[in-house]
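If you read the sequence from its start, that first residue is 1, and numbering goes on from there. Whatever order the structure lists ligands and atoms in, that order sets their numbers, starting from 1.
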Amino acid sequence: MSSCIHHFLVVFLVFVCFILDPVDAADGPAQKFLLSCGNQKGGADADGRKWEGDAKFLVKADRSREAKADMQDSSLPSEIPFMSARIFNAETSYKFAINGSNRHFLRLYFYPSSYPNVNISNSYFALNVGETTLLNNFSAALTATALSQAYIVKEYALAPSDLNDLTVTFKPSDKYSGSFAFVNGIEVIETPEMFDDNTGMVGFSGDSGVTIEATKASMETMYRLNVGGQFIPPTNDSAGLMRSWYDDTAYILGASSGVTNAANTTIDVGNGTAPLAVYSTARTMGPDPNVNKNYNLTWVFQVDANFTYLLRFHFCDYLDQKVNQRVFEIFINNQTALDTMDIIGLAGSAGSPMKKDFAILVKDNKGDNEIWVALHPNVSVKPEFYDAMLNGLEIFKLGDSKKNLAGPNPKISDMMQKQIDHNTKDFGSKKSYKSAIIGGAAGGAAAFGIAAGLIFVINNRKRKYPGQDSVSSWLPVYGHSHTASKSTMSGRSHGSTNISSDAACNCRYFSLAEIKQATKHFDESHVIGVGGFGKVYRGVVDGNMKVAIKRSNPSSEQGVNEFQTEIEMLSKLRHRHLVSLIGYCEEDNEMALVYDFMGKGTLREHLYKNNKITLTWKQRLEICIGAARGLHYLHTGAKYTIIHRDVKTTNILLDDKWVAKVSDFGLSKTGPNMNQGHVSTVVKGSFGYLDPEYFRRQQLTEKSDVYSFGVVLFEVLCARPALNPSLPKEQVSLADHALRSAKNGTLEDMIDPHLKGKISAECFKKYAETAEKCLADHGTDRPSMGDVLWNLEFALQLESNLENPKPASNKRSIDLTDHNSIMAMHRNTLSLGSEDIDGSEDSEVFSQIVNQKGR
Ligand SMILES: *[C@@H]1O[C@H](CO)[C@@H](O)[C@H](O)[C@H]1NC(C)=O
Ligand SMILES: *[C@@H]1O[C@H](CO)[C@@H](O)[C@H](O)[C@H]1NC(C)=O
Ligand SMILES: *[C@@H]1O[C@H](CO)[C@@H](O)[C@H](O)[C@H]1NC(C)=O
Ligand SMILES: *[C@@H]1O[C@H](CO)[C@@H](O)[C@H](O)[C@H]1NC(C)=O
């Protein structure tokens, strides 16, 4: 798709999906059922797949009822099948006539939202298919909360049986009174047998080998990754199997993530069990044999204990030509699964797909149940390259001897439990749900997930999730696809403090009296802005310290979760280029967050709004570098990877000394509620900054921030808004206009007139190149925030050299002809040394935090 139209076209397409009769992309011979539960009209989902009503598959329909969700979370990809549910008060089955001698995929869609006359947090149930237990005492609400997702999808690969009926039975738990079962969507797809009967157990090799009969096993899909590649939506899967393949980056251990690459030769998928897109991308260790010799390329996965797992590795070596060029060992949980993996040797030729299966038992290990997969070159066989390669990886959980696949519900922290309790208390007051509605009536628009805020990719190298004891990114495949809006479960604070003790320790507590004093009783003259959360006031605390105070609108019913998220997140993030949270107040139904005051306001107002002072080019570069550092820290420096999701010039603030600070990365912005029935404002929000690939992948990565930052870079250069509808059509979108101009060599015509003739040619070239790369259509082609940072620093050096042959003393002096010193600079930039985090200018703030007066 030509980049010049992508923004608008994508939006257009999303809506077209709902207007045109969708073509079923998965027309294969396989039998399939797609049931939109509790919705007899059926309809199409965001991928254009048609779903039908579920009633005719029910064995005893009178034991259940249909329900509509009270609110639509913005992260739902479409209304179908999520917005309607079937609710079961007693054991009830669905029956499908199938060819039992084949394997079937069963996918279950759960949206644990609020439904009339039930309390979703009371829902605990079992799910059986024939004699196999898939779920037991399952709480979709707890699972979704722990994953911070609005909905969950579970996938099972059911073993062939003698029966020609597939009976799926929902049974409310009898442990709790008032318990019920529910489901939003059911998908049954027939598939050829894809497993083998001689899958070796790791740790039992050689003649004494132990194998499992995988063809007789029912399994749950835990993870399905397109390693080194991008999200593959169900409609792009092979053989109409409708599997989703996820990006592997979130599972990579440590900083050594190898490199990704894509095939430029043709690959014959042949009997391959994965789609072409899986085989044509891979992750390898990197170009340096000495580096590769000394590390393992490692992925880590959370799983349930006491189960056997089948790991399927997908390989296709399109980089080499012959045997013994790339030979590596495969380790699973520290045991050697295979010591000489030579893809070409085993596949028979270059560019041929192949798979390799291993099974492993994961024993209970004090709640830290993980599967580690590690690759390392086998140097003793002297391959030509010391490197390893992986194209795809699937992990399936096998039913145990009692035909059980059910694991425990995830453990959730006290804070999350309290959130759920809040919702329980609020149950019955319908008003609170309605005000929590975000997103909009058009399902397609909801898939944008526009609600800004943050998403944490639960990163295994940084295992812990904020405020959680023992986390569970175990939930499959689906673990990273969509972000739940923090307002999914909204409750009103009743004055109780739900802040985890960890966060509370990092953060000062202010009494309401202090806040009132600081803001002169919330005097209107102190208001400096209004956000989704409520008004923002300027104030002074401790005699002379200027702060910004965000006050939760007392009539807002949805503040509490945002409030907690912001505190939990921000109290753990400290960086010179992130706006600091100083403390919070929660008293008498009042909630307020206290931040460092940013004397110079937003970057945007210094570019083309008010424009009282024109920033020099060097100042602009320094601001961009600061913001890039803040984002780089969010992506890599914090305990968990944080994606800002709403990078724009109004979220880059400037302090009194023009130091750039990234802000607003803790608040989910909530859109207008559905009663008012318009979503356009939500979509417009940060529209000019939106990563086009986000639509295609439905998955946010750090690279979405890189894209938005690219728009910011052009905004800084051209001093015009990201979207300006008053301009001629081809200039409306800054990103498109800039890319086209860059291509035509006319970018210089777009430069802010104030800067004309004031930027050195080399600096301009470097800067423009960097900005352009950020706007690459595919995330994988965009640089990382670290690279962007380095390039901007380099651009600044080029400019400084020109302006001032002897660099100013407060700048790192660097000889650009000296490769080593450039590399050293690169390392410094990337290492996020302590100077970054405890920046001297922040010491005032730090001492404020350390001297916790109010507590
Ligand atoms: C592909 O499948 C066909 C039919 O099952 C089989 O005859 C053929 O040998 C397979 N080819 C490979 C390369 O495995
Ligand atoms: C795993 O099995 C062991 C031994 O039977 C048991 O003590 C442990 O509680 C089990 N763990 C889980 C998570 O079920
Ligand atoms: C790679 O992993 C294996 C298995 O855990 C371990 O024995 C080996 O020491 C690791 N190698 C490196 C270089 O870390
Ligand atoms: C490498 O491969 C050889 C030959 O199969 C094997 O003997 C050896 O154990 C493997 N591993 C290492 C670390 O050399």
Side-chain angles (χ1 to χ4, degrees), residues 126 133-139 142-143 146 200 202-207 209 220 222 251-258 283-286 288-309 311 313 323-346 356 358 360-390 393 397-412 460-461 469-475:
T133 306
L134 304 187
L135 294 170
N136 195 12
N137 201 30
F138 171 71
S139 165
L142 280 179
T143 307
V202 173
F204 303 88
S205 55
D207 294 337
E220 177 180 352
M222 302 298 285
Y251 305 97
I252 293 172
L253 177 79
S256 312
S257 54
R283 189 176 296 279
T284 56
M285 297 186 77
D288 187 338
N290 292 317
V291 171
N292 296 354
K293 229 165 53 180
N294 291 313
Y295 90 99
N296 283 341
L297 184 53
T298 307
W299 293 260
V300 183
F301 304 94
Q302 300 279 327
V303 293
D304 295 325
N306 292 347
F307 284 97
T308 296
Y309 292 87
L311 282 77
F313 292 73
V323 173
N324 211 41
Q325 283 188 304
R326 186 184 305 259
V327 184
F328 53 95
E329 299 162 281
I330 301 177
F331 302 105
I332 303 176
N333 282 2
N334 288 337
Q335 304 180 71
T336 305
L338 190 61
D339 59 14
T340 45
M341 180 69 211
D342 183 329
I343 303 173
I344 293 182
L346 290 173
K356 196 82 201 154
F358 302 100
I360 189 155
L361 173 65
V362 176
K363 298 196 197 91
D364 192 6
N365 213 341
K366 293 191 191 130
D368 205 20
N369 309 305
E370 298 174 335
I371 291 179
W372 287 54
V373 171
L375 306 181
H376 188 257
N378 184 331
V379 294
S380 66
V381 301
K382 299 201 166 53
E384 185 174 339
F385 306 113
Y386 288 179
D387 205 346
M389 181 171 192
L390 182 61
L393 181 63
K397 185 206 278 181
L398 273 63
D400 65 14
S401 56
K402 295 184 189 112
K403 298 200 168 201
N404 176 50
L405 271 167
N409 284 315
K411 290 200 185 75
I412 63 163
N460 290 290
R461 70 187 123 128
D469 314 328
S470 143
V471 165
S472 42
S473 58
W474 56 266
L475 196 92

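For ligand 3, none of its N or O atoms has an N or O atom of H376 under 3.5 Å away.
Given atom 12 (C) of ligand 2, the protein heavy atom at minimum distance is N306 ND2, 3.3 Å. The protein non-hydrogen atom at the shortest distance from atom 6 (C) of ligand 3 is N296 ND2, 4.1 Å. Protein heavy atom in closest approach to atom 13 (C) of ligand 4: E329 OE2, 3.0 Å. Counting protein heavy atoms only, atom 14 (O) of ligand 4 is closest to S380 OG, 2.7 Å. Closest protein heavy atom to atom 9 (O) of ligand 2: D364 OD2, 3.7 Å.
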Problem - F385/N292 under side chain to side chain contact (heavy atoms under 4.5 Å, CB included): CA gap, chis, key distance, verdict - result: CA-CA 10 Å; F385 306 113; N292 296 354; over 6 Å; no
Exercise for the section: With side chain to side chain contact (heavy atoms under 4.5 Å, CB included) as the test, would you mind laying out the steps for F331 and W372 before giving the verdict? Expected result: CA-CA 8 Å; F331 302 105; W372 287 54; over 6 Å; no
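In this structure, atom 1 (C) of ligand 2 has a protein heavy-atom contact shorter than 4.0 Å.
A donor-acceptor contact shorter than 3.5 Å links the side chain of N378 to the backbone of D339. Checking side-chain atoms of H376 against main-chain N and O of K293 turns up a donor-acceptor pair under 3.5 Å. Between the side chain of D400 and the backbone N or O of T308, no donor-acceptor pair lies under 3.5 Å. Y386 places no side-chain N or O within donor-acceptor distance of the main-chain N or O of V291, the cut-off being under 3.5 Å.
Close approach of ligand 4 to T340 is summarised as follows: ligand atoms under 4.0 Å from at least one heavy atom of the residue are 2 (O), 4 (C), 5 (O). Taking every heavy atom of N378 and a limit of under 4.0 angstrom, the matching atoms of ligand 4 come to 1 (C), 2 (O), 3 (C), 8 (C), 10 (C), 11 (N), 12 (C), 14 (O).
For the pair I344 and V323, the tightest heavy-atom approach, listed with the atom from each and the gap, is CG2-N, 4.0 Å. The two atoms that bring F313 and L390 nearest to each other are CD2-CD1, 3.6 Å, heavy atoms only.
Taking all heavy atoms of N334, I330, N294 into account, the minimum distance to atom 5 (O) of ligand 3 is reached by N334. Counting only non-hydrogen atoms, the option in T336, V381, D339, D342 that gets closest to atom 7 (O) of ligand 4 is D339.
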